[in-house]
Amino acid sequence: MGKIFFVKVMEGDVAVPRGIMGILRQKMIEHFTSQKQGVKTVNPLTEMAKTMARELRDMASLTTNKAWNIQGYDQGITVHTYTHPTTQKLITRGQALINHPIGNVIQFLLSPVCKQYMQDDNEIDEIIEQIDEETTISYVKTKKSKKTMMVAARDFVLLGCKTKMEDDSYVIAARSIDYNYSGPDKEAVRGHLYDSGWVLTPVGENKDKTQAVFVSHCDPKISVPDFVLNGILTNKAFNVKFLRDGFLAYLKDNKTN
């Protein structure tokens, strides 16, 4: 007779033959393995990116964020700014209306051809790690510019995301992240980007128009007087103009309504 094992149950011990015990053990292993496999692990960078998107959307809102001060209206662009209480850096906000559906605008903004039609200050903009379908880590290096007093190029390692929100807005956001990547240009100065990017919202009676908002909160690490730096940073609000005009130029070139 085979060896007998005893299994503890609610009402006492039950004698189980060794062969049956092996089957029970295997079934228990299979059960707990399947349970473990059924638990979906979430990358913390994915969660960080989702939080960043929500916070950028809320910060960009003139309704939610009462800190914005209007600076002017020019060529269909409304510019707001305020100084962040913690970083003491100027945050700029540009807003424009694009008379086309949000899907078309997003498709253009995310396409490689976008850089041909928009003013692009970046010399390098490449993904160095794909976290998931919506989340990336990228390396960005700006061009040298005497106009902005940046004799040396600036570079950034950024956590980025592009995601559709529950209110049907679409957020394309980025922020600096600690990441072991120095970049190819050893003379580039590492800048710091706080939560920045695009918030696109469908508007109009038939949701056939797009409200485009661009928010920039950046420390480019330039040793210049504040009024000079603030002028440089305020110009970032006009990225919405470059998007609107570039998109319309693209449609014209491709004869698309």
Side-chain angles (χ1 to χ4, degrees), residues 42-61 64-65 67-68 80-95 106 109-110 114-115 118 120-143 148 150 153-167 169-183 185 188-201 212-222 229-230 232-240 243:
V42 178
N43 191 309
L45 291 177
T46 298
E47 290 300 304
M48 184 186 296
K50 289 181 178 179
T51 300
M52 172 176 64
R54 289 192 296 269
E55 290 178 350
L56 181 65
R57 178 197 59 186
D58 293 343
M59 181 173 69
S61 170
T64 304
N65 186 358
W68 292 111
H80 290 79
T81 65
Y82 76 94
T83 300
H84 193 277
T86 302
T87 68
Q88 291 300 303
K89 298 300 178 185
L90 190 73
I91 308 179
T92 60
R93 178 189 188 277
Q95 176 178 317
I106 293 169
L109 185 58
L110 296 179
C114 177
K115 291 185 179 181
M118 289 181 63
D120 187 10
D121 295 330
N122 296 330
E123 183 178 311
I124 300 175
D125 187 350
E126 60 185 16
I127 294 173
I128 55 180
E129 184 178 346
Q130 186 81 40
I131 305 300
D132 56 42
E133 187 177 350
E134 296 182 345
T135 314
T136 60
I137 295 177
S138 300
Y139 174 76
V140 175
K141 176 190 168 188
T142 66
K143 300 171 183 175
T148 58
M150 288 191 286
R154 264 55 185 172
D155 68 357
F156 305 83
V157 177
L158 304 174
L159 173 68
C161 72
K162 50 184 186 294
T163 185
K164 183 178 181 181
M165 310 300 287
E166 68 279 358
D167 61 356
S169 62
Y170 198 92
V171 178
I172 304 172
R175 70 160 62 142
S176 287
I177 186 173
D178 289 332
Y179 193 85
N180 187 22
Y181 187 82
S182 59
D185 187 349
V189 176
R190 182 60 52 91
H192 190 93
L193 187 72
Y194 301 95
D195 291 359
S196 301
W198 297 93
V199 180
L200 306 173
T201 307
V213 173
F214 182 77
V215 173
S216 178
H217 183 192
C218 182
D219 181 0
K221 307 296 183 181
I222 305 175
L229 178 58
N230 289 347
I232 295 170
L233 296 177
T234 300
N235 285 336
K236 289 294 183 181
F238 285 90
N239 276 2
V240 289
L243 171 61

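Sequence positions, counted from 1, serve as the residue numbers for this chain. Source: prediction; values computed, not measured. Just so you know, these numbers use all the heavy atoms, side chains as well, and skip hydrogens, waters and symmetry mates.
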*Which of these passes salt bridge (Lys or Arg N to Asp or Glu O under 4.0 Å) with D155: K143, K221, R190?*
R190
*asked:* Let's go through L158 and S176 carefully: what are the C-alpha distance in whole Å and the side-chain angles of both, what is the deciding distance for side chain to side chain contact (heavy atoms under 4.5 Å, CB included) to 0.1 Å, and is it a yes or a no?
replied: CA-CA 4 Å; L158 304 174; S176 287; 3.8 Å; yes
*Which heavy atom in A49 sits nearest to a heavy atom in T135, and how many Å separate them?*
CB-CG2, 3.7 Å
*Between H84 and T86, which heavy-atom pair has the shortest distance, and what is it?*
ND1-N, 3.0 Å
_Nearest-0.5 Å distance, CG of residue D219 to OG1 of residue T87_ = 8.0 Å
*Within-4.5 Å side-chain heavy-atom neighbours: I128 and V157*: yes
*asked:* Looking at S196 and A174, would you say the former's side chain and the latter's main chain have a donor-acceptor pair under 3.5 Å?
replied: no
*Quick check: does any side chain N or O of R154 sit under 3.5 Å from a backbone N or O of G191, one acting as donor and the other as acceptor?*
no
*Which atom names give the shortest non-hydrogen contact between D185 and Y139, and what distance separates them?*
N-OH, 4.5 Å
*Can you tell me how far the OG atom of S169 sits from the CZ atom of R57, to the nearest 0.5 Å?*
5.5 Å
*Any chance you could lay out the side chain to side chain contact (heavy atoms under 4.5 Å, CB included) test for Q95 and V240, step after step, and finish with the verdict?*
CA-CA 6 Å; Q95 176 178 317; V240 289; 5.8 Å; no
_Looking at R93 and A60, would you say the former's side chain and the latter's main chain have a donor-acceptor pair under 3.5 Å?_
yes
*Distance, nearest 0.5 Å, that separates CD1 of I177 from CD1 of I137*: 4.5 Å
*asked:* Ignoring hydrogens, what is the shortest heavy-atom contact between L110 and I172? Give both atom names and the distance.
replied: CD2-CD1, 3.7 Å
_Quick one, V215 and V199 - any side-chain contact, counting heavy atoms below 4.5 Å?_
no
*So, W68 side chain and M59 main chain: donor-acceptor pair closer than 3.5 Å or not?*
yes
*asked:* Working to the nearest 0.5 angstrom, can you tell me the gap between D195 CG and L159 CG?
replied: 9.5 Å
*Please state whether the rings of H192 and Y194 are parallel, tilted or perpendicular, taking 30° and 60° as the class boundaries.*
tilted
*Of L193, L229, L90, the residue whose pairing with C218 passes side-chain contact (heavy atoms from CB on, under 4.5 Å)*: L193
*Picking from T142, N122, D125, what satisfies side-chain contact (heavy atoms from CB on, under 4.5 Å) with F156?*
T142
*To the nearest 0.5 Å, tell me how far F238 CZ sits from L243 CG.*
14.5 Å
_Criterion side chain to side chain contact (heavy atoms under 4.5 Å, CB included) on I106 and L200, from CA distance to verdict_ = CA-CA 8 Å; I106 293 169; L200 306 173; 3.7 Å; yes
*Looking at OG1 of T163 and CD of E133, how far apart are the two atoms once the value is rounded to the nearest 0.5 Å?*
10.0 Å
*Counting only heavy atoms not in K141, do more than 12 sit closer than 6.0 Å to its NZ atom?*
yes
_Between E129 and Y179, do the side chains contain a donor N or O and an acceptor N or O under 3.5 Å apart?_
yes
